[in-house]
Protein chains: 2
Amino acid sequence: MARATAQDADPQTGTEPRPRGRGDRDLVDSLVEVLQERISTGEIPAGTWLRQEHLATELGVSRMPVREALRQLQAVGTVEMIANRGARVRLPSTRDIMEVYELHGVLQAHAGTAAAELITSGQLDRLSRAEAMFRQAVDELRAADSDPAAVQRRWHEANTEFHSVIIEASGNKLLADVVESLHRKVPRNLTWIALGSDVRRLERDAAEHAAILDALTRGDGATAGTLLREHAKRASELLVRTVDEIGQEATPARRR
Amino acid sequence: MARATAQDADPQTGTEPRPRGRGDRDLVDSLVEVLQERISTGEIPAGTWLRQEHLATELGVSRMPVREALRQLQAVGTVEMIANRGARVRLPSTRDIMEVYELHGVLQAHAGTAAAELITSGQLDRLSRAEAMFRQAVDELRAADSDPAAVQRRWHEANTEFHSVIIEASGNKLLADVVESLHRKVPRNLTWIALGSDVRRLERDAAEHAAILDALTRGDGATAGTLLREHAKRASELLVRTVDEIGQEATPARRR
DNA sequence: TCCCGATGAAATGGATCCAGTATTGAAGTT
DNA sequence: AACTTCAATACTGGATCCATTTCATCGGGA
């Protein structure tokens, strides 16, 4: 593995020498991004201890930037740092998940109501495309599950785009940050585990997306808000049920 | 200045040797708390460059924990880090403030509606006491402004307590975190600058608090929610106006 | 056989060191 | 006189070093 330390910062370090342009963008920030992504996707499961030395060698840096990245993840609630023990990926409790989705619903509903008056035709287009993509993914999944992983990716992408557009159309940029911070608290793969098992649910979601799109197109903010709140509420209930089921098993094995 | 490094960790280091109990609670976390507080109160104004060396000597630690603390503050949005330049306290724009208060209103309203059904008699008591304390502070201010700073502290305490109880009574622990993270984005002293100049506004706030308390006592969630949303909306408008006024001046002078 | 204490390995947390970069001020030129 | 260039300075960012703590394994005793 690379070990791109200061000593071998010369250009020909073979394995991904890291562009090394100094201020291309903070190294720490990119580490945060990588780690957050791995945790969100479930590649690094909840409960895992994040060993500084291990991550450092794996990512080809020294422990220092890793330490700072872990601090950021702590501040954001993704990991918990125990004194003299290290950083561990937090496992959200069912209560946490309920609370996340409760607020998610509130904020989505608000975004929907606000968006009904502010949404542009371009955004409506994107919303419509996302809705179509979502439905297509669901159909594809039901027909012949060609490649679950690929469908999952597309489904997730479409879903994210759909809700992102609504939030964006609300005109409140901060809202996007807050919602994202809520999302970070629940690993994505959980969502997929919960929904993947229930195709009827996915179809219902698709129908709800259509109804929301319709309400926004008509400029009916009240309906859009109500639909979005219920949309989130149902997601919450499903998630909680799923987590309860898989929560029986003990905490995941240690990393490495 | 103390400079409590590892070398002079012996007990008799004179000036505030820092209890030095190793895991009493993460050193970095306490630094974060100190810095966040100083920034929130306005003791360290927006725009200030936070010099690592300077803070380190001032706080009696080395640069290392300071660096990690700054990373946490970055993750939380309190400071921005510019590559190879350092950390600077963020200055919220009027747009930021509007957005903060918009979401604040949404979340407070939700908390109020939820709280109406869940609030305990003990919490109602606390709410009532906070309301009284708030009104008393306002009256005191209007009569003979004996000690503005003291009154300001009491006013702020009462206001915080009032809204905290409502959020707590909503039953959603995460809500408290989210609202706090919103609060962090607007320095407290701004609020005071805005409100301190307008006693009539404070009296109106007191009246609104009373109305909210009344609605919650009656279990009228809808009214409580509406009142809270408008409460936040008015605060927003006032804040924005104030920031616009003082925003004319250039960015504050550098620290040190 | 089970429990308790000691020893050793592993990992964190803090400090120091060093390289690279941005800024500031001065000198020199057009 | 103003603008450009260059050098000195200050500060950040990454690496390494070392003390301290925690955990696990092992051995002894009840």
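Side chains are part of it too, since the values below use all heavy atoms of this structure and drop only hydrogens, waters and symmetry mates.
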Ignoring the backbone of Asn84(A), work out which of dG13(C), dT23(C), dG13(D) is nearest its side chain. dG13(C)
Gln52(B) side-chain N/O to dG13(D) phosphate OP1/OP2 under 4.0 Å: yes
Atom pair CD1 (Ile97(A)) and OG (Ser236(A)), whose distance is rounded to the nearest 0.5 Å: 8.5 Å
Provide, to the nearest angstrom, the distance between the CD1 atom belonging to Ile82(B) and the C1' atom belonging to dG13(D). 15 Å
Using side-chain heavy atoms (C-beta onward) and a distance below 4.5 Å, is Gln123(A) in contact with Glu168(A)? yes
Using whole Å, report how far CG of Leu59(A) lies from C1' of dA15(D). 16 Å
Between CE on residue Met64(B) and CD on residue Glu68(B), distance to nearest 0.5 Å: 7.0 Å
Rounded to the nearest angstrom, tell me the gap between atom CE in Met81(B) and atom P in dA22(C). 15 Å
Taking only the side-chain heavy atoms of Arg85(B) (C-beta and beyond), determine which of dG13(C), dG14(C), dA22(C) contains the nearest atom. dA22(C)
Find the distance Leu27(B):CG to dT12(C):C1' and express it as a whole number of Å. 13 Å
Quick one: Arg51(A) CZ to dC23(D) C1', roughly how many Å, whole number? 10 Å
Atom CG of Asp26(A) to atom C1' of dG13(D): distance rounded to whole Å? 8 Å
Could you check which residues of residues 63-73 of chain B get a heavy atom under 4.0 Å from DNA chain C? Sort them by number, please. Met64(B), Pro65(B)
d(CD, Glu53(A); P, dC17(D)) in whole Å: 12 Å
Applying side-chain contact (heavy atoms from CB on, under 4.5 Å), can you list everything that pairs with Glu80(A), at least two apart in sequence or on another chain? Arg88(A), Arg90(A)
With heavy-atom distances below 4.5 Å as the criterion, would you say the side chains of Ile39(B) and Val79(B) are in contact? yes
Close aromatic pair by centroid cut-off 6.0 Å: His104(B) and His183(B): yes
